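Let me begin by presenting the structure, written as structure tokens, before commenting on it.
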Number of protein chains: 2
Amino acid sequence: MFEKYLEEVSKTSLFQGIERVDILAMLNCLKPRVCSYNRNDYIVTGGDPYESVGIVLKGAATVSKENAEGNRIVMTLLKQGDIFGEIIAFSSQMNWPATVQAQETCVVLFLPRGKIVGECDRMCSWHRTLIQNFLRVISERAMMLNKKVEYLTIKSMRGKISTYLLEQYRREGDVNITLPLNRNELSDFLNVSRPSMSREMSKMKDEGIIDFHFTAVKIRNIEGLKHMSAL
Amino acid sequence: MFEKYLEEVSKTSLFQGIERVDILAMLNCLKPRVCSYNRNDYIVTGGDPYESVGIVLKGAATVSKENAEGNRIVMTLLKQGDIFGEIIAFSSQMNWPATVQAQETCVVLFLPRGKIVGECDRMCSWHRTLIQNFLRVISERAMMLNKKVEYLTIKSMRGKISTYLLEQYRREGDVNITLPLNRNELSDFLNVSRPSMSREMSKMKDEGIIDFHFTAVKIRNIEGLKHMSAL
DNA sequence: TTGTTTATGTATCCTCAGATACCGACTTAG
DNA sequence: CTAAGTCGGTATCTGAGGATACATAAACAA
């Protein structure tokens, strides 16, 4: 029954490390609902009662939120294999805090919140694996959010850029960094305007702290950078 | 063996909704380590290998982080009953990202990460409850962080204040709001300076959008407020 | 090739909010 | 009672960074 979705489901972070056969058994036990949507269809609407975690099996969708004024603001893009609503599933929140809308033809699989920890009479062995995966996914999301908060809390332009570069440096272990984001994405991530960011980066280049050409950045003065990150 | 800690443990969010007798059984099965610390002792140090979730049974502690410069920045205060490191437990992170230091004489209980989902041969029934609680706690933390990100992402003073007031309004369902934070705490939460916030609030008072006296705030023009929250 | 689009750097202008200092109203300790 | 501390509002000054517009340069399509 769920064979045709097996390929996609197995790639999902939620089902990582679980054998294909087991996934199939799990799906048959969890009895998820699978729905198709056309471009611009609402997959879930903010305020709706929450009951399932969603998995995008096919297509792409946007997560957006309306502010009090009524303007819609896109918060994330969901691609094939992404999951949504996983944070809400186990919190006390009863309604969707955001709207998910199909950006193109979409197939979405819904895992009912109750079934996940639920009273599976056979207490199937892989329930534990699934729950562990849930814990991992949610924890990682929380870690990510935590890091984002750290960045957003930094007040100065320099501080943000320096902290970001130092983190990339630590990750790559080399003063020659290749940024994973272009200027637009980076300025967006740091929550600043692109020209302002460019301006500051150029200043830092003039001061001999860094050098760069597009996404290739070289740290010329690490101590200086560390100094700046405290601003 | 763990009787003397029972009182404190049962108040913890992790053990919420679990019977005293069961908690005792759980503790005997989980075999947590309990340690005491004096003022200023390091409970965990950033970079140390991570292995347990901590629960503050007695006393208070600070969570801090060092930036590249070497300055220590306090991130949170932990009080009796608070837990720490719960987000890390199930992520792939292998080390403590921050330092926890005793602010006064402290007693801390450590639940080994492995034991929580672990291979309890009897697969004790309350394992599931504990894991569910973990899921709830971590999800709620993620939701909280998500909200924090939303606030930090708002760029203008007005936007922050308006959004905050509207949220309080929604929560209380009344245009007469009693702020749960004083000015210092509020400006801190919104990540702005107190005088700037006061200045803007006064402007909004002049414009007839709100009225306030200390923590008592009255919304005079909701539509106006909603309008501002989009800035 | 040439035209078109997209990514990046740069200059100008000007506003918003941070820093700092100070005042007055209350509270608490002695 | 005075003295010291806390909390909130206000004034002034200043600068960091946003908005906008434009100039290259690269990428890509026709």
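Below, read A as the first sequence line, B as the second, and so on, with proteins coming before strands; counting in each chain starts at 1. Quick note: numbers below take in every heavy atom, side chains included, and nothing from hydrogens, waters or symmetry partners. Being a predicted model, the structure only gives us computed values, none of them experimental.
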Could you tell me whether [X] and [Y] make a salt bridge, using a distance below 4.0 angstrom between a side-chain N and a carboxylate O?
X: Glu200(A); Y: Lys160(A); answer: no
X: Arg220(B); Y: Asp211(B); answer: yes
X: Asp82(A); Y: Lys79(A); answer: yes

In residues 147-163 of chain B, which ones come under 4.0 Å of DNA chain C, going by heavy atoms? Lys155(B), Ser156(B), Met157(B)
Positions of residues 205-217 of chain A (non-hydrogen atom under 4.0 Å from DNA chain C), listed by number: Phe212(A), Phe214(A)
Sorted by chain and residue number, the side-chain contact (heavy atoms from CB on, under 4.5 Å) partners of Phe214(A) (sequence neighbours excluded) come out as none
Would you please name every residue forming a side-chain contact (heavy atoms from CB on, under 4.5 Å) with Asp174(B), sequence neighbours left out? Asn176(B)
Value in whole Å for how far the [atom2] atom of [N] lies from [atom1] of [X]:
X: Asn184(A); N: dA19(D); atom1: CG; atom2: P; value: 13 Å
X: Arg183(A); N: dT24(D); atom1: CZ; atom2: C1'; value: 15 Å
X: Glu200(A); N: dA11(C); atom1: CD; atom2: C1'; value: 15 Å
X: Asn191(A); N: dG17(D); atom1: CG; atom2: P; value: 13 Å
X: Leu190(A); N: dA16(D); atom1: CG; atom2: P; value: 18 Å
X: Leu186(A); N: dG9(C); atom1: CG; atom2: P; value: 11 Å
X: Asp188(A); N: dA7(C); atom1: CG; atom2: C1'; value: 15 Å
X: Asn182(B); N: dT6(D); atom1: CG; atom2: C1'; value: 10 Å

Heavy atoms only, 4.0 Å cut-off, all strands: where does Ser198(A) land among base, sugar-phosphate and nothing? base
Do Ser13(A) and Ile83(A) touch side chain to side chain, with heavy atoms closer than 4.5 Å? yes
With sequence neighbours left out, what residues match [X] under side-chain hydrogen bond (donor to acceptor under 3.5 Å, both in side chains)?
X: Asn133(B); value: Arg136(B)
X: Glu86(A); value: Arg141(A)
X: Glu7(B); value: Arg20(B)
X: Arg194(B); value: none

Kindly say whether Lys226(A) contributes a backbone atom to a donor-acceptor pair with the side chain of Ser229(A) at under 3.5 angstrom? yes
Selected nucleotide, minimal atom distance to [X] side chain, candidates [options]:
X: Val192(A); options: dG18(D), dG8(D), dT10(C); answer: dG18(D)
X: Ser196(A); options: dT10(D), dA17(C), dG18(D); answer: dG18(D)
X: Ser193(A); options: dG18(D), dA7(C), dT10(C); answer: dG18(D)

What string of B, S and - do you get for nucleotides 22-29 of chain C, 5' to 3', if B is base contact, S is sugar-phosphate-only contact and - is no contact with any protein heavy atom under 4.0 Å? --------
Nearest-nucleotide check on DNA chain D, Pro195(A) vs Lys203(A); residue mapping nearer the 5' end is Lys203(A)
Of Met197(A) and Ser202(B), the one whose closest nucleotide on DNA chain D sits nearer the 5' end is Ser202(B)
Got a sec, which pairs hit ring pair (Phe, Tyr, Trp, His ring centres under 6.0 Å) with one end in residues 36-59 of chain A, sequence neighbours left out? Tyr50(A)-Trp96(A)
Report for the helix from dT1(C)-dA30(D) to dG30(C)-dC1(D): angle between first-end and last-end helix axes, five pairs each, rounded to 10 degrees. 40°
Using distance alone, with no hydrogens and no angle criterion, decide if Glu140(B) and Ser92(A) have a side-chain donor and acceptor under 3.5 Å apart. yes
What distance do Ile177(A) atom CD1 and Leu165(A) atom CG have between them, rounded to the nearest 0.5 Å? 5.0 Å
Phosphate oxygens OP1/OP2 of dA11(C): is one of them under 4.0 Å from a side-chain N or O of Arg199(A)? no
I need the full list of salt bridge (charged side-chain N to carboxylate O under 4.0 Å, His left out) pairs touching residues 36-57 of chain B, with sequence neighbours left out, sorted by first then second residue. Arg33(B)-Glu51(B)
